[in-house]
Structure formats: structure tokens, C-alpha cells
Undergrad: 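What follows is a structure written as C-alpha cells; I'll ask about it next.
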Amino acid sequence: MQALFLYNTLSRKKEEFKAINPPFVGMYVCGPTVYSDVHLGNCRTFISFDLLYRYLLHLGYKVRYVRNITDAGHLEGDRDEGDDKFAKKAKLEQVEPMEIVQKYTLGFHDVMREFNALPPSIEPTATGHICEQIEMIKEIINQGLAYEKNGTVYFDVEKYSKEFNYGQLTNRKLEELLEGTRELSGQDEKHGRLDFALWISAKPETLMRWPSPWGWGFPGWHIECSAMSRKYLGDTFDIHGGGMDLQATHHANEIAQSQACYHKTPVNYWIHTNMLTVNGTRMSKSAGNGFLPEELFTGNHPLLEKGYKPLAVRFFMLQTHYRSTLDFSNEALQASEKGFERLMESYKTLQTLQASSSSSENIAELQKNCYQAMNDDLNTSVLIAHLFDTVRIINSANDKKTQLTSSDITLLKKIYDDFIFDVLGLKPEKGNEKLDSVLEKVMRMVLEMRANAKTTKNFQLSDEIRDKLLAAGIQIKDGKEGSAWKI
RNA sequence: GGUCCUGUGGCCGAGUGGUUAGGCUCAGCUCUGCAAAAGCUGCUACUCCAGUUCGAACCUGGACGGGACCUCCA
């Protein structure tokens, strides 16, 4: 099998993936800030990394997948307002900040489960790692690359840039970065325009605060990921991921913090996923154009014509490459939903396929194509195109137009299990098993009755059965070997 | 303003120098008692202009359009 190539933001090229210590792989992904419901755009990122996680597992790697929960330290705009997003929301809802955190963390997990995303190996929280963050800030101060002012600690970007390349992830020079930044106002405590807070001093009314060498306060946003990734994955690890919106600020700062501490590049492969857009504009919390997964599943949203099943939505997302923007629309969703159903239907057909002694298809070639697509920077668009080839092959064989040997069928089943279920994380929508088995028996009976009506040329009755079943949501599919049905 | 990405058929969306992407839609055909399902075929796609090349959607230059980041965001 060929090697896996991944696009590395650091080099802006596809690079062959080589683990530091195979078969182990350390992967860190920036998780959600749990002060409100995750929207669909957030989900896309986590589904993309779920795909990478699943594929690495499929290839036999032992992956430690760390995805944090940000439950402290995110300020909303100007930091002078004192409270972070959690405390603000808590005041609004008149609850404890940790009630906010708990509520939206549970909600996030529910949604991820619906999308059939595997849970990460470790899901650390910022509030659970205050000590580690304080220790790391102390190290940066000891290196002379951070300074304290009135209980707040800042990272000194310009001083850091004398020794290290601050703009490496975004391919920009310090001067360019400075040009694009706002002037410091007279009241600013920061030395330099690009400096960012590592620790923020708390005001008396601040709800979430911890003691530190610099007084009561709370951590800045960027330090948590550096501290937690280092704790669980080491000074240098394999893969760090997140949305593209984090690249320029959050990830650039993460690299700076780690480099400042231990003078080593913290990550070998930086992977960034692209945004989900609505009518061409990025879906975001602040823009207010976000869909909640729940609204999508129920169809309860002015822009939605109907509800969509979670895995149909997952399939919709996987049809686009993770580094392309994906535009959200009813039409596109409905197209994906139909394709997804056809794919799942062919899996059922595959289970009932009769083997022939000869073969008219090259299934091994098809399997190779699937690996090739995935190895090319997880090209799921191409992978899915190949999978639709299998649909055609299966349906043709089912119609007795082509032949498959039993080893062909076995290999096809393996392709489905490997790529559709294990790697893409799709699966047929599960109903109630007991109900299904009863329905199966009832349907067998009904189809038998209809077949009898047809043999006696009582087409009025057979059509009535068909039409009434359709009205009830069951579609009859007549074939040479009798009739089948689907919901 | 700066940095960068992008412009593909009715819709979504791969491809990045010569060979079918794929899905959905629509039309025709095959199968069928009819329909559906399934299969086949078609709707002759690459924003525009100039250049490089035997050959360009793909490379280069320019124009126009869309978007992202530079401030919290997956």
C-alpha cells in the first residue's frame, strides 16, 4: 500500500506522513468553547478530524487523540469587561459558570454521538489544567519572553521574533503582521501590538478565577492548548489540527508559547480544515447565521425545507474535501441524502447477492483506488466516487447483468466495512430492532399477498397494495426474483 | 489597507498539462402488466483576455467576480 500524504500548513505542501514513534501517533485538535450550542460549522471540523482519526486507526496506528474542552479563559472582545464568555452567559442565565460548561459539554457530546464521531482518547478541560498553564507561563517568563503588568502576563511577540519565526504558520513577516494590527491605545498595558495575554488578572467581581504568582486571575485562551498538548503528547508530537480560523492567531501563538518554553517545534504536521458557509458567508456564532445540529435534524429552521438525518449530513460533509469551503443549501443536502440512501441500499443488496463462477469486474482494482484516494490527503470526494462504482457493480450483478464470484463479493463486503463504515463513519440508520423484525415478517406476508394478486392478474389489488404502502412510506421494488421493499 | 484562497455543466462538487470524476436534477431507452427500483445513454462544463506549449479547465501575466484571515470564532 502507498504512503499517506497529508497537507501540512507549515510547508504548504502535501507531505508523506511519518510518525515520530510508530505505530504510535499523537494528535491534538482544538475542541469547542462550551458557552453555547455547537453549530454545524464546528461539527464539520470535528467530523473532518474524526475521519483522519478513523483512517489512522484503520491503517493500524495506535492513536492518542486529544481534543480539549475550552471551559475558561475566552474573553469576548475587550478584556476590560472583566468576565469571560462563560461567566457572562452564567450571569445572563443566573447560574454558575460551571453549569454553563456542563450543559453545553453534554450537548456537544450528544451531537458528536449523533454524527457517529468516535470520542477522543483524552478530553481535557482548561479549568482542570490551571497548574500546568501557570507552570508554563512561569517558564516563558524565565526565558525572558513574557512580562507581567498589573497582574496580567503578556507574551512578548517582538522579542520572541528576534530568535524565532512568529509568522511561520501563516507565511508572513513580522513587519507585515504589525502593519495589519491596530495601534496601541494610551491605556494599553501591552508593550507591543502583537503581544497577547497568557494570564489575565481578575477583577473583584470576576466569577471564574484562580490564585497565581501574579495574583488572582484566569488563563488566556492560547496557553491551555499548549499546556495540555504538552502534558499528554509530549514536547513534540505528530499532528495538531483545528479550523482554519484558528491558524493565524491561536495556532501561531501556540507555537510561540511552546518554542519559547523548550526551544523545540511542538508539532510536525499542522492540519487545518476549511469553513462551512451559508450563502457564501462563513457560518459563525457572531454572524448569527449558524445552524444548530438539532434544527437540522428536525428541520425546524426558516431556511430549511425539511429535516435531515445526522449521517446524511455527515455524508454531505464528506462529499467535499476538508480543505475546501462547503456551502450549505437545501438542494445540496437533499442531493446528498438521496445519494447516501442509494449507497446504504446497495449494502443491503450486497448481503443478498448470489455468487457466479466467473467474474466480470475487477474488485481488487477498486479497493486500490479507494486507498489511493484516502492516501491523497484524505480525498473523500474521490473515495465516494469510487464507492458509487461499487453501487453500480452491486446493482448490475443483482440484475444478473454482470457476474461476481464469491471472492468478489467477500472483497466488496470488506470495502464497505473498511471504507464506508470504519473510515467514513457512516452506517445504515438503525431503527428499533424488535419492531424491524416484526415489520420484516409483516412485509413478507403483504408481498406474498400482492404476488398472488399479480399471478391471478388482479392488478387493481396489487396496485392498491403498492400505492397504500407508498403512502405509508414503504416503497416496493419489483425485480426478476420477486419484490423487495424499503422505507 | 495588508496577506492569502478561490471562480468547473440546471445544482452540489473532484481533478490541475493530453485519457469517464462522482452525486443530485431533467430527458430518452432497456426491464416491467403499469409504475417504482435498477441499468444504459444524453443534457457536448471549466469567469474573461493575452501568453507559454504539438496540446491548457489545469502553467504564466492581466482584468473582473466571490471568500477567508489580520479582532472572539471550528
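Chain letters run A, B, ... following the sequence lines, proteins first and then strands; every chain starts at 1.
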Undergrad: Using a heavy-atom cut-off of under 4.0 Å over every strand shown, decide if Gly241(A) touches base, sugar-phosphate, or nothing.
TA: nothing
Undergrad: Is the shortest side-chain N/O distance from Asn395(A) to OP1 or OP2 of rG39(B) below 4.0 Å?
TA: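 True: Asn395(A) side-chain N/O within range (under 4.0 Å) of rG39(B) OP1/OP2.
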Undergrad: Which nucleotide wins on minimum distance to the side chain of Lys477(A), given the candidates rC70(B), rA37(B), rG39(B)?
TA: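 Taking heavy atoms from C-beta onward, the closest nucleotide is rA37(B).
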Undergrad: Can you tell me, in whole Å, how much space there is between the P of rU30(B) and that of rG67(B)?
TA: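 So the two P atoms sit 48 Å from each other.
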Undergrad: In terms of side-chain heavy atoms of His321(A), which of rA35(B), rA74(B), rA14(B) is nearest?
TA: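 Side chain of His321(A) sits closest to rA14(B).
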Undergrad: Give the rounded distance in Å between these two atoms: CG of Asn274(A) and C1' of rA14(B).
TA: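 For the pair Asn274(A) CG and rA14(B) C1', the rounded distance is 15 Å.
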Undergrad: So what does Thr273(A) touch, heavy atoms closer than 4.0 Å: a base, only the sugar-phosphate, or nothing?
TA: nothing
Undergrad: Does the plane of the ring in His222(A) sit parallel, tilted or perpendicular to the ring in Phe196(A)? Use 30° and 60° as the thresholds.
TA: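 Correct class here is perpendicular.
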Undergrad: Report which part of the nucleic acid Ile476(A) touches: base, sugar-phosphate, or nothing (heavy-atom distance under 4.0 Å, all strands).
TA: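 Base contact - Ile476(A) has a heavy atom under 4.0 Å of at least one base atom.
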Undergrad: Side-chain N or O of Thr249(A) less than 4.0 angstrom from OP1 or OP2 on rC70(B)?
TA: yes
Undergrad: Kindly point out which of rG33(B), rC34(B), rA74(B) is positioned nearest to the side chain of Leu276(A)?
TA: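 Closest nucleotide to the Leu276(A) side chain: rA74(B).
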Undergrad: When you measure from the side chain of Arg392(A), which nucleotide among rG13(B), rG39(B), rA74(B) comes out closest?
TA: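 Among the listed nucleotides, the one closest to the side chain of Arg392(A) is rG39(B).
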Undergrad: Return the nearest nucleotide to the side chain of Leu326(A); candidates are rG15(B), rA38(B), rG13(B).
TA: rG13(B)
Undergrad: rA35(B) phosphate, OP1 or OP2: any side-chain N/O from Arg450(A) under 4.0 angstrom?
TA: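 So the side chain of Arg450(A) is outside the cut-off, no N or O lying under 4.0 Å from OP1 or OP2 of rA35(B).
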Undergrad: Look at the rings of Phe419(A) and Tyr371(A) and say which category their plane angle falls in: under 30° parallel, 30 to 60° tilted, over 60° perpendicular.
TA: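 Phe419(A) vs Tyr371(A) ring planes: perpendicular.
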Undergrad: Measure the distance from CD1 on Ile384(A) to P on rC24(B) and round it to the nearest whole Å.
TA: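 Answer to the nearest Å: 12 Å.
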Undergrad: Using a heavy-atom cut-off of under 4.0 Å over every strand shown, decide if Asp463(A) touches base, sugar-phosphate, or nothing.
TA: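 The answer is base, as Asp463(A) lies within the cut-off (heavy atoms under 4.0 Å) of a base atom.
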Undergrad: Using a cut-off of strictly less than 4.0 Å, decide whether Ser324(A) has a side-chain nitrogen or oxygen near OP1 or OP2 of rA14(B).
TA: yes
Undergrad: Heavy atoms only, 4.0 Å cut-off, all strands: where does Asp327(A) land among base, sugar-phosphate and nothing?
TA: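 Result for Asp327(A) = sugar-phosphate.
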Undergrad: Establish, from distance only, whether the side-chain atoms of Thr45(A) and Thr273(A) form a donor-acceptor pair under 3.5 Å.
TA: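 Yes, side-chain donor-acceptor contact under 3.5 Å.
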Undergrad: Can you identify which nucleotide, out of rA74(B), rA14(B), rA36(B), has its nearest atom closest to the Ser381(A) side chain?
TA: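 The closest nucleotide is rA14(B).
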Undergrad: Can you classify the ring geometry of His251(A) versus His240(A) as parallel (below 30°), tilted (30 to 60°) or perpendicular (above 60°)?
TA: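 Ring orientation of His251(A) relative to His240(A): perpendicular.
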Undergrad: Using the C1' atom as the point on both nucleotides, what is the distance between rG9(B) and rC24(B), in whole Å?
TA: 13 Å
Undergrad: Where the side chain of Arg342(A) is defined as all heavy atoms beyond and including C-beta, which of rA35(B), rC24(B), rA37(B) is the nearest nucleotide?
TA: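 The listed nucleotide nearest to Arg342(A)'s side chain is rC24(B).
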Undergrad: Any side-chain heavy-atom pair from Phe421(A) and Pro428(A) closer than 4.5 angstrom?
TA: yes
Undergrad: Using a cut-off of 4.0 Å on non-hydrogen atoms, how would the nucleic acid contact of Gly242(A) be classed: base, sugar-phosphate, or nothing?
TA: sugar-phosphate
Undergrad: Could you please name the option among rA74(B), rG22(B), rA37(B) that lies closest to any side-chain atom of Thr45(A)?
TA: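 Closest nucleotide to the Thr45(A) side chain: rA74(B).
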Undergrad: Provide, to the nearest angstrom, the distance between the CE atom belonging to Met317(A) and the P atom belonging to rC12(B).
TA: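 Going from CE in Met317(A) over to P in rC12(B) covers 17 Å.
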Undergrad: Regarding Met244(A), tell me which of base, sugar-phosphate or nothing describes its non-hydrogen contacts under 4.0 Å with the strands shown.
TA: nothing
Undergrad: Work out how far the P atom of rG42(B) is from that of rA21(B), and round it to whole angstrom.
TA: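 Approximately 11 Å lies between the P atom of rG42(B) and that of rA21(B).
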Undergrad: Centroid separation under 6.0 Å, is that true for the rings of His191(A) and Tyr154(A)?
TA: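 No.
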Undergrad: Taking the minimum atom-to-atom distance to the side chain of Gln475(A), which one of rG23(B), rA74(B), rA36(B) wins?
TA: rA36(B)
Undergrad: Look at all strands and tell whether Ser462(A) reaches a base, only sugar-phosphate, or nothing, counting heavy atoms closer than 4.0 Å.
TA: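 Touches a base.
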Undergrad: Quick check on rA68(B): is either OP1 or OP2 less than 4.0 Å from any side-chain nitrogen or oxygen of Thr325(A)?
TA: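 For rA68(B), OP1/OP2 do not have a side-chain N/O of Thr325(A) under 4.0 Å.
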Undergrad: Looking at Arg64(A) and Tyr232(A), would you say the former's side chain and the latter's main chain have a donor-acceptor pair under 3.5 Å?
TA: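 Answer holds: yes.
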Undergrad: If you check every side-chain atom of Thr320(A), which of rA74(B), rA14(B), rC24(B) has the closest atom?
TA: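 Looking only at heavy atoms from C-beta outward on Thr320(A), the closest nucleotide is rA14(B).
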Undergrad: Looking at rU25(B), I'd like to know if its phosphate oxygens (OP1 or OP2) sit under 4.0 Å from a side-chain N or O belonging to Lys338(A).
TA: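 Lys338(A) to rU25(B) OP1/OP2: side-chain N or O found under 4.0 Å.
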